[in-house]
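To start, the structure itself, in structure tokens.
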Amino acid sequence: MRKNIVAGNWKMNTTVPEGVELAKAVNDAVASAQGLKCDVIVGVPFTHLCAVKQVIDINKVGLAAENCADHTSGAYTGEVSAPMVASTGANYVILGHSERRGYYNETNEMLKTKVDLALEAGLKVIFCCGESLEEREEGKVEDVIRAEISESLFHLTPEQWKNIVIAYEPIWAIGTGKTATSAQAQEVHAFIRSLIAQKFDNNVADNTTILYGGSCKPSNAAELFAKPDIDGGLIGGASLKAQDFMGIVTAF
Ligand code: PEP
């Protein structure tokens with residue numbers, strides 16, 4: 001059966017000492033929590049990976065980078081490759097976040113390469129997709145999601161697919177305080193699962209974890225996570241305070 005996951009995406013926040021403190025607090029809270037019904041991951045800036053790895057129990061709290069390069073090594077000043085991320089002890093990478101697509105012009109084609117390199121390096125991928133408000137209003141939600149997922153992921157084998165987690169993040173809900181209603185989110189999650197079933201089969205689709213992201217907080221997480229196709233959350237703002245993040249983790 002598929003896993004429930006709550007993953008934090010710290011984005012470009014916290015200094016290394018602040019990040020270490022936050023990671024310690026999350027790790028301690030997870031270690032002392034009884035009967036958690038989800039896996040917990042922290043997604044941190046590249047600069048924090050090694051230091052955070054030292055203060056978490058990786059068997060209890062997964063560690064994600066927020067991006068990786070579309071090359072393995074070489075003359076790409078300022079870039080960080082998937083093997084470099086893996087060498088820190090991180091086990092996940094977040095790819096295709098709408099901020100990367102929007103501000104850094106990441107295309108579906110480029111993300112396909114990043115996905116391949118991440119999997120080759122032994123990382124699991126949290127792959128983000130989602131529509132803008134304009135696209136939603138124009139009735140293009142399914143077209144956008146289908147293109148993002150099929151163009152970057154549908155070349156993978158069922159074996160490789162076991163290392164893919166999908167995060168549906170409507171762009172209009174990210175950092176805006178505007179959460180998709182649980183019904184809106186469920187509708188898209190069910191669509192994503194049907195796409196996966198069409199490409200592979202029902203078994204692969206049923207075993208795929210699909211997270212919701214976009215202004216998820218302790219007060220709305222339980223309602224979202226109660227939906228049959230919502231298997232947890234990718235959490236931005238609310239992952240920056242251990243108490244809020246744990247409020248979402250314990251919403252299952
Ligand atoms: C995100 O950026 O992945 C996200 C979901 O952000 P927020 O929770 O702040 O909307």
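First listed ligand is number 1; within each ligand, the first listed atom is number 1. Index from 1, following the sequence. This structure is a prediction, so every number in the text was calculated from the model and none was measured.
- Annotation for Q186: atom CD counts as buried by contact number, over 12 foreign heavy atoms lying within 6.0 Å.
- For ligand 1, the atoms sitting less than 4.0 Å from at least one non-hydrogen atom of K11 are 1 (C), 2 (O), 6 (O), numbered in the order shown with element in parentheses.
- Within a 6.0 Å sphere centred on CD of Q160, heavy atoms belonging to other residues, nucleotides or ligands number more than 12.
- In this structure, G233 falls outside the shell of residues with a heavy atom less than 4.0 angstrom from ligand 1.
- A salt bridge links D231 to R193: one of the charged nitrogens lies within less than 4.0 Å of a carboxylate oxygen.
- Under a cut-off of 6.0 angstrom, the local environment of CD in E21 is sparse, with at most 12 non-hydrogen atoms contributed by other residues, nucleotides or ligands.
- Using a cutoff of 4.0 Å between basic side-chain nitrogens and carboxylate oxygens, R100 and E66 are not scored as salt-bridged.
- Using a 4.0 Å cut-off to heavy atoms of G213, the atoms of ligand 1 that qualify are 5 (C).
- The number of heavy atoms from other shown groups lying within 6.0 Å of NZ (K140) does not exceed 12.
- Heavy atoms of A238 come nearer than 4.0 angstrom to ligand 1 in no pair at all.
- Sorted by first and then second residue, the ring-ring contact (aromatic ring centres under 6.0 Å, His included) pairs with a member in residues 18-40 form an empty list; sequence neighbours excluded.
- The contact set between ligand 1 and N9, taken as ligand atoms under 4.0 Å from a residue heavy atom, comprises 1 (C), 2 (O), 3 (O).
- Residue-to-ligand polar distances keep L234 apart from ligand 1: every N/O pair is separated by 3.5 Å or more.
- Counting atoms of ligand 1 from 1 in the listed order, those under 4.0 Å from a heavy atom of G175 are 7 (P), 9 (O), 10 (O).
- Taking the six-membered ring where tryptophan is involved, the planes of W161 and F200 are tilted, since the angle between them lies from 30° to 60°.
- Within the structure, every pair that satisfies the ring-ring contact (aromatic ring centres under 6.0 Å, His included) test and touches residues 70-92, not counting sequence neighbours, is listed here: H71-Y76.
- Close approach of ligand 1 to A173 (heavy-atom distance below 4.0 Å) involves ligand atoms 10 (O).
- Under 4.0 Å from ligand 1, heavy atoms of I174 appear from its side chain as well as its backbone.
- Counting protein heavy atoms only, atom 5 (C) of ligand 1 is closest to E169 OE2, 3.1 Å.
- Using 4.0 Å as the threshold, H97 has a heavy atom nearer than that to some atom of ligand 1.
- Residue contact check: G237 has heavy atoms under 4.0 Å from atoms 7 (P), 8 (O), 9 (O) of ligand 1.
- Considering each of A7, G214, G236, the one bringing a non-hydrogen atom nearest atom 8 (O) of ligand 1 is G236.
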